[in-house]
Student: 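One structure is given below, represented as structure tokens, and several questions about it will come after.
Residue numbers start at 1 and run along the sequence shown. Fair warning: this is a prediction, and the values are worked out from it, not measured in the lab.
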Amino acid sequence: MDYSNLRRQITFMKKSFFDQGYLDEQFHQLEELQDESSPNFVEEVVVLFLKDSPRLLSNIEQTIGKYPQDFYRLDSLVHQLKGSGSSIGAVRMKNECSVFKAHCNDRNLEGCRRSLQKMKREHATLKQKLESYFQLLRQVGPREHAVNSRN
């Protein structure tokens, strides 16, 4: 297997996440916490986000569908999702959560619904991108997981 080609792919893919605004500096900070004693740290944190966030999105969707609308609960749920996304550097998710929270403050249910659809799309895209990225990382082996380059 051509590991140098895989490494180039990984570097290009990760750079594209930043260039396209999917990830921010927080992702780099997670990478700095990764070392030989925890070579899969970043992937483990991302997997936790990807497992927990669908539950939050579902809870948001269920709360939007209830009458009367509980904007306080919606705001609280979106605040959790925003914090979770921020912890891995998911900047598009974080930004859309901020838009949703502004709609909550304005008690704008239609705005909340539109924003939820955007959050779900951003989540699905981010999930696909990160799963592909970690799949490539696993192909080059654990030694590469501990490399903390900013490429």
Student: Go through the structure and list residues passing side chain to side chain donor-acceptor pair (under 3.5 Å) with N5, not counting sequence neighbours.
Tutor: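 Checked N5 against side chain to side chain donor-acceptor pair (under 3.5 Å); zero matches.
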Student: Looking at side-chain heavy atoms only, is the closest gap between L81 and M93 below 4.5 Å?
Tutor: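 Sidechains of M93 and L81: in contact.
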Student: Would you please name every residue forming a ring-ring contact (aromatic ring centres under 6.0 Å, His included) with Y133, sequence neighbours left out?
Tutor: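 If we apply the ring-ring contact (aromatic ring centres under 6.0 Å, His included) test to Y133, skipping adjacent residues, the hits are F17.
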Student: Report yes if some heavy atom in the side chain of N95 is under 4.5 Å from a heavy atom in the side chain of V99; otherwise report no.
Tutor: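 Counting from C-beta outward, N95 and V99 never come under 4.5 Å.
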Student: Just to verify, what does R121 make a salt bridge (charged side-chain N to carboxylate O under 4.0 Å, His left out) with, not counting sequence neighbours?
Tutor: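 By the salt bridge (charged side-chain N to carboxylate O under 4.0 Å, His left out) rule, R121 matches no residue at all.
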Student: Taking the side chain from D106 and the backbone from N108, do they hold a donor-acceptor pair closer than 3.5 Å?
Tutor: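 No.
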Student: Begin from the C-alpha positions of H28 and E31 and carry the test side-chain hydrogen bond (donor to acceptor under 3.5 Å, both in side chains) through to its verdict.
Tutor: CA-CA 5 Å; H28 285 308; E31 289 179 315; 3.2 Å; yes
Student: If a pair satisfies ring-ring contact (aromatic ring centres under 6.0 Å, His included) and one of its residues is in residues 86-126, list it, with sequence neighbours excluded.
Tutor: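 Output for this query lists F49-H123.
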Student: Quick check: closest heavy atoms across S37 and D35, and the distance to 0.1 Å?
Tutor: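 Between these two residues, the closest heavy atoms are OG-OD1, 2.6 Å.
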Student: Can you find a heavy atom in the side chain of F134 that is under 4.5 Å from one in the side chain of V47?
Tutor: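 They are not in side-chain contact.
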Student: side-chain contact (heavy atoms from CB on, under 4.5 Å) with L136: which residues, sequence neighbours excluded?
Tutor: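 Result, side-chain contact (heavy atoms from CB on, under 4.5 Å) vs L136: L6, Q9, I10, M13, Q139.
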Student: Any ring-ring contact (aromatic ring centres under 6.0 Å, His included) pairs touching residues 52-83, not counting sequence neighbours?
Tutor: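 Checked against ring-ring contact (aromatic ring centres under 6.0 Å, His included) - neighbours excluded - no pair reaches residues 52-83.
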Student: Tell me every residue that passes side-chain contact (heavy atoms from CB on, under 4.5 Å) with S76, counting only those two or more places apart in sequence or in another chain.
Tutor: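 Counting only residues at least two positions away or on another chain, S76 forms a side-chain contact (heavy atoms from CB on, under 4.5 Å) with Q80.
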Student: Out of curiosity, D75 CG to T63 OG1, how far, rounded to the nearest 0.5 Å?
Tutor: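 So the CG of D75 and the OG1 of T63 are separated by 12.0 Å.
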Student: Could you give the distance from CG (L126) to OH (Y22), rounded to the nearest 0.5 Å?
Tutor: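 Going from the CG atom of L126 to the OH atom of Y22 covers 8.5 Å.
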Student: Between CD1 of I60 and CZ of R113, what distance do you get to the nearest 0.5 Å?
Tutor: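 Spacing of CD1 (I60) from CZ (R113) equals 14.0 Å.
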Student: Shortest non-hydrogen contact from L33 to F41?
Tutor: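 That would be CB-CE2, 3.7 Å.
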Student: Look only at the side chain of N40 and the backbone of E43, and say whether a donor-acceptor pair between them is shorter than 3.5 Å.
Tutor: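 Not at all, since once roles are kept as given, no pair shorter than 3.5 Å links the two residues.
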Student: Filter on salt bridge (Lys or Arg N to Asp or Glu O under 4.0 Å), then keep only pairs touching residues 86-95, sequence neighbours left out; what's left?
Tutor: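 Qualifying pairs: D24-K94, R92-E122.
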Student: For E61, what residues pass the salt bridge (charged side-chain N to carboxylate O under 4.0 Å, His left out) criterion, not counting sequence neighbours?
Tutor: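 Counting only residues at least two positions away or on another chain, E61 forms a salt bridge (charged side-chain N to carboxylate O under 4.0 Å, His left out) with K120.
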Student: N59: what forms a side-chain contact (heavy atoms from CB on, under 4.5 Å) with it, not counting sequence neighbours?
Tutor: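 N59: side-chain contact (heavy atoms from CB on, under 4.5 Å) contacts with R55, Q62, L77.
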Student: One pair to check against side-chain contact (heavy atoms from CB on, under 4.5 Å): V78 and L116. What are the steps and the verdict?
Tutor: CA-CA 9 Å; V78 172; L116 173 62; over 6 Å; no
Student: Got a sec: does the NZ of K118 have more than 12 other heavy atoms crowding it under 6.0 Å?
Tutor: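 Not buried by this count: 12 neighbours or fewer within 6.0 Å.
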Student: For R73, what residues pass the salt bridge (charged side-chain N to carboxylate O under 4.0 Å, His left out) criterion, not counting sequence neighbours?
Tutor: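 If we apply the salt bridge (charged side-chain N to carboxylate O under 4.0 Å, His left out) test to R73, skipping adjacent residues, there are no hits.
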Student: Which residues satisfy the salt bridge (charged side-chain N to carboxylate O under 4.0 Å, His left out) test with K82, sequence neighbours excluded?
Tutor: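 Salt bridge (charged side-chain N to carboxylate O under 4.0 Å, His left out) list for K82, sorted by chain: empty.
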